[in-house]
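FYI, side chains are in, hydrogens and waters are out, and symmetry mates aren't considered; it's all heavy atoms of this structure.
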Amino acid sequence: MTTTSRTAAQRVPGAARRGIHPGIALAVIAGAQLMVVLDATIVNIALPHIQSALHFSTTGLSWVLNAYTLTFGGLLLLGGRAGDILGRRRVFITGILLFSLASLLGGLATSSGWLLACRALQGVGGAIASPTALALITTNFEEGPARNRAFGVFAAVSGSGAAVGLLLGGMLTSWLSWRWVLFVNVPIGIVIALLAPLYITESERQPGRFDVAGALTSTAGMTALVYGFIRAAQEGWSDSVTIAAFVAAVVLLSAFLLIESRTRQPITPLHMFRNRNRAGSYAIMLGVAAGLFGMFFFLTLFVQEVLGYSPLKAGLAFLPVSGVIIVVAQVVARLLPAVGPKRFMVAGSVFATGGLYWLSRITATSGYLDGLLGPMLLFSLGLGCLFVPLTLTAVSGVSRQESGAASSLLNATQQVGSSLGLSILVTVFGTASRNEAAELVGRFLASASPAMRAQFQRTGQLPHQISAQILAHGISTAFRFAVLFALLALVISLVVIRARPAGPPRDAGAPVPSETAA
């Protein structure tokens, strides 16, 4: 870009202005994204320790994840809008500081309610920081190779965040305590907040309105829906609170749709769903995210509670998952213009379905190498095939002004799918576990010696073999239900998606063009 064109660009309202230290600016942006992304998984490995320390039930434990993903996904679009209106750097720093404060308070939690409130506040901070982090790349890097490289680094950080979170969570829990999976964000957030004003260029403010009503009704509606499923797992479907939660969800989500259809600047542009490829990509992401979070949640419990892995060993056990996703995604990005998104979506859905079905055969005697690694790798292969074409399909054919909303909507769909899917799978797990426990406990009491029966009545603890069978049965049943999510993604890939190949493969490092809209 010439000096004249740069000067002209800076006169345009909202035009990006570049800093003189792009490497440091990218490190700050990528560091913030890594912190936000890994916090969705860093607590996974610490879940058994959190459960025993703060007295969570197994079904209630899922709220440690859902409290974060629900607020993160529900307020993500509002956070992106705030960056456009108030200035992206300013909003970015605010989100990072809020995220860091919530992490500090969460690490100090002494009760389950305290921790869940802080996890929800973390989600709010992440929803403010994450979309502005992505948008700041366009503010600080010129269009062309520099911006493409920056997007590549950002995507790599986002893709590896899950693996880093699992490994870091295992290290911190093993060497320090579960509280450090939250405390670790504080020094990182402070450094990012201090460096951002020095090396990141502020964006021009753009006129607009905040759709607060849409953000609140969507988040509250999804929270009520998730709560209804988890409450049903604990108290049954006829429980009055369960029914009230579902009724509230219907009312709030209906109000959300009404608000979005009538407001001038909706947080969720409903016309985005008119394009069948884009709507299909959102639906596929919904099902895939549900299966992914379910796998991490249940297998984290299995490897520690049944296989007896330490938190660090459990974190290492999941590294192959992210490794396969990253490698396969790079290959898919290179081949996508020639092969087209539809074929990769179909193949990815088939692999994901096969992996989840294989995991549904898990038993209390399954080992890591002979029972878990194979299906995890197969499921990861499916995810690697899906993520790139889903992202490109979601943003293909939209105007430049709405590209941020399209990509943020895909991210929000992923977070909502994670929360909703996990709540459904936890409901299935809870019901199956209760039924299996009733049968196995009856057998145990009938065959146990008087001393063993007396000990069980006094402590309520079953022998490890029986508790492992109950946990494994609930997990295998949940995975059988998760197969339905993957099958739904497969049907949508076959029936709804119609995007075609865009051309021959490009050289490595060249930008991948968006596919042609059907």
Side-chain angles (χ1 to χ4, degrees), residues 47 50-52 54-75 109-121 123-124 213-260 286-287 289-290 293-294 297-298 301 415-442 460 470-471 473-475 477-482 484-485:
L47 285 176
I50 294 174
Q51 183 177 18
S52 60
L54 301 181
H55 311 293
F56 280 96
S57 65
T58 302
T59 51
L61 194 63
S62 62
W63 277 109
V64 178
L65 302 180
N66 285 335
Y68 179 79
T69 54
L70 274 173
T71 52
F72 183 77
L75 300 176
T110 57
S111 67
S112 58
W114 181 346
L115 178 62
L116 295 182
C118 293
R119 287 289 287 169
L121 189 60
V124 176
L216 294 181
T217 51
S218 64
T219 304
M222 288 306 305
T223 301
L225 185 60
V226 168
Y227 179 77
F229 280 112
I230 295 178
R231 176 80 181 188
Q234 297 172 327
E235 304 295 337
W237 293 95
S238 59
D239 176 67
S240 59
V241 178
T242 301
I243 296 173
F246 284 123
V247 171
V250 171
V251 172
L252 288 167
L253 292 177
S254 299
F256 164 70
L257 292 176
L258 184 62
I259 291 170
E260 297 307 279
L286 199 73
F293 259 62
F297 179 79
F298 290 117
L301 295 178
Q415 303 302 324
V416 170
S418 302
S419 300
L420 183 58
L422 181 57
S423 67
I424 294 173
L425 296 181
V426 164
T427 303
V428 174
F429 166 84
T431 303
S433 297
R434 280 199 309 272
N435 296 337
E436 184 73 0
E439 181 178 348
L440 292 182
V441 170
I470 295 172
L471 182 64
H473 177 76
I475 290 175
T477 306
F479 278 131
R480 281 199 292 273
F481 198 90
L484 299 178
F485 295 145

**Report entry** side-chain contact (heavy atoms from CB on, under 4.5 Å), paired with F297, selected from L425, I475, V64, V426
**Finding:** V426

Query raised in the report: To the nearest 0.5 Å, what is the distance between CG (L121) and SG (C118)?
Result: 7.0 Å

Requested in this report: Taking the side chain as every heavy atom from C-beta outward, state whether S240 and I243 have any pair of such atoms under 4.5 Å apart.
Outcome: no

Query raised in the report: Short question: side chain of T71, backbone of A120 - any donor-acceptor pair under 3.5 Å?
Result: yes

Report task. Classify the angle between the aromatic ring planes of F485 and F481 as parallel (below 30°), tilted (30 to 60°) or perpendicular (above 60°). Result -> perpendicular

Query raised in the report: Do S418 and L422 pass the side chain to side chain contact (heavy atoms under 4.5 Å, CB included) test, and can you show the C-alpha distance, the side-chain angles, and the key distance before you say yes or no?
Result: CA-CA 6 Å; S418 302; L422 181 57; over 6 Å; no

Requested in this report: Take the angle between the ring planes of F429 and F298 and call it parallel below 30°, perpendicular above 60°, tilted in between.
Outcome: tilted

Report summary line: Here the pair of heavy atoms bringing G474 nearest to S433 is CA-OG, 3.5 Å

Query raised in the report: Taking all non-hydrogen atoms of both residues, which atom of F56 and which atom of S112 are closest, and how far apart?
Result: CZ-CB, 3.3 Å

Query raised in the report: Is a donor on one side and an acceptor on the other found under 3.5 Å between the side chain of S423 and the backbone of L420?
Result: yes

Requested in this report: Let me know which of V251, I259, L258, L257 forms a side-chain contact (heavy atoms from CB on, under 4.5 Å) with T217.
Outcome: I259

Query raised in the report: Rounded to the nearest 0.5 Å, how far does CG of L115 lie from OG1 of T110?
Result: 10.0 Å

**Report entry** Minimum heavy-atom distance between A289 and G417, given as atom pair plus value
**Finding:** CB-C, 4.3 Å

